[in-house]
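Have a look at the structure below before the remarks.
This is a predicted model, so every value here is computed, not measured. In listed order, ligands and their atoms are each counted from 1.
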Amino acid sequence: MTSPEPLIIFDTTLRDGEQSPGASMTRDEKVRIARALERLRVDVIEAGFPIASPGDFAAVKAVAEAVRDSTVCGLARALDADIDRAGEALRGANAARIHTFIATSPIHMEKKLRMTPAQVIEQAVHAVRRARQYTDDVEFSPEDAGRSEIDFLCRVLEAVIAAGARTVNIPDTVGYAVPHQFGRLIAQLRERIPNADLAVFSVHCHNDLGLAVANSLAAVRNGARQVECTINGLGERAGNAALEEIVMAVRTRQDHFQCDTRVDSTQIVNCSRLVSTITGFPVQPNKAIVGANAFAHESGIHQDGVLKHRETYEIMRAEEVGWTQNRMVLGKHSGRNAFRARLLELGISFATEEELNAAFSRFKDLADKKHEIFNEDLQALVTDATLDAANERVKLVSLRVCSETGETPRADLVLLCDGEEEPGTAIGSGPVDATFRAIESIVNSGTTLRLYSVNAITSGTDAQGEVTVRLEKGGQIVNGAGADTDIVIASAKAYLNAINKVLHPRARAHPQKGDV
Ligand code: KIV
Ligand code: ZN
């Protein structure tokens, strides 16, 4: 048997994933996710779009300085200013890549760029040459390749490879492709471009028709050797190809794909949880690989089969992707070192001792209320503890809720607003509604609640509830997350987390819109 060819995993959770409405992340959150991605052993981490905002620049710079094992990449339009900014942000990286792009579809060139095809080629080549002044590792993407003319794509790609692009990425920007056709496109590009052997062919598929993973895998079958993907399939609109599905598909069906990644699959579930808690995007229970039900057998026939011989109904082991039995990991008597060591095993470290102390003190509070603390609890708690304190203008001081049969629920709370304690009271149709109204009686945010969801983090009635709240104001969407054994308190935390993001918006431009 021949050994599998390497498939490069390019993770864009921190860039395209962040373009998901409401998923914007702070610099420190990006660094935490980047560290988890490094432990997952992804090859390339696209950390952001440095020209988009000072915050994005700082985040890419911080990731570049924090990560040693994976290549760190910054996105840049095919413009000098973008490329210079990316080069600057990546200066501290051990291995840096600049990813530059320009649209090549007739509709984008004519209506958005207002450029001729010849001008597009010239700008693409110039951009690649400029990026090569910062690093040898330059990637070029013809944006909207899925709707571009193949003859033109061949011309652009041949020119950028000659100019020094070492990776050429074929994006299906609008999620229009279907697997058979997309696979054929990759095969034809590789056949027709004379210098194709000098570059790695990559794909970047969006999920508008639910085909992102299928299209990416069709491309792999036809010679693509890099896949751009995100944890949990997060991303612009319907998202990108889900990393966990790509990795496990090629690994489980190596007989078919004849390639494999260097990913440590046992880190997948941890990474998925971390991204979900930080962004406030819950994972649907039936999501492949990382959904809570992905390895749960309900039917008696299946259960019987699995007990007799696991492979009757299971094609992967739950442990292979990092599912563990709900294992009690820590308790009330665990000390700071055990806490720190356990978190390190989960890939979580702290930038400062204060952050560690804040998390440890929350852990002790939780251990008083909850007998057994699981990995999932630790992850939620750490996210709570590392909330961007500098940007937290409103905090919960205390909350009292009365909810009784036949009575209207009422919430009395005190918030700390810019250092001043302010009381608020409200009634509502339920305890959570009353709590949100009481918060609004103080902050008067002018937002509309778009989503409210509660998940139990672990099993048992003493489990922590993890609440996600999505608020909208003037077209801006933010997500907030909060966890607590008391779901009304978790709800208040999630609501305030979202409110703090509204009060401190992170202006962020979407690269595809060209409106930086
Ligand atoms: O979807 C897309 O086309 C992109 C490019 C910037 C690669 O995200
Ligand atoms: Zn994209």
Per atom 7 (C) of ligand 1, closest listed option by heavy atom (Gln19, His99, Glu143)
His99

Atom 6 (C) of ligand 1: which of Glu139, Arg15, His204, Glu236 has the nearest heavy atom?
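When every heavy atom of Glu139, Arg15, His204, Glu236 is considered, Arg15 comes closest to atom 6 (C) of ligand 1.
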
Under 4.0 Å between a side-chain nitrogen and a carboxylate oxygen: does that hold for [X] and [Y]?
X: Arg253; Y: Asp255; value: yes
X: Arg39; Y: Asp69; value: no
X: Arg35; Y: Glu38; value: no

Select one of side chain, backbone, both or neither to describe which atoms of His206 lie under 4.0 Å from any atom of ligand 1, heavy atoms only.
side chain

Separation between CD1 of Ile121 and CZ of Phe152, rounded to the nearest 0.5 Å
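Result: 4.5 Å between the selected atoms.
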
From Arg132, Arg97, Arg166, residue fulfilling salt bridge (charged side-chain N to carboxylate O under 4.0 Å, His left out) relative to Asp137:
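When Arg132, Arg97, Arg166 are each tested with Asp137, the salt bridge (charged side-chain N to carboxylate O under 4.0 Å, His left out) holds only for Arg97.
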
Which atom of His204 is nearest the Zn ion (ligand 2), counting N, O or S only? It is NE2

To make sure I understand the geometry: which N, O or S atom in Asp16 is closest to the Zn ion (ligand 2)?
OD2

Quick one: does any side-chain atom of Lys30 pair with a main-chain N or O of Val60 as donor and acceptor, under 3.5 Å?
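No; zero donor-acceptor contacts below 3.5 Å.
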
If I take every N, O or S atom of Glu236, is at least one of them less than 2.8 Å from the Zn ion (ligand 2)?
no

So, is Thr173 polar-close to ligand 1, with some N/O to N/O distance under 3.5 Å?
yes

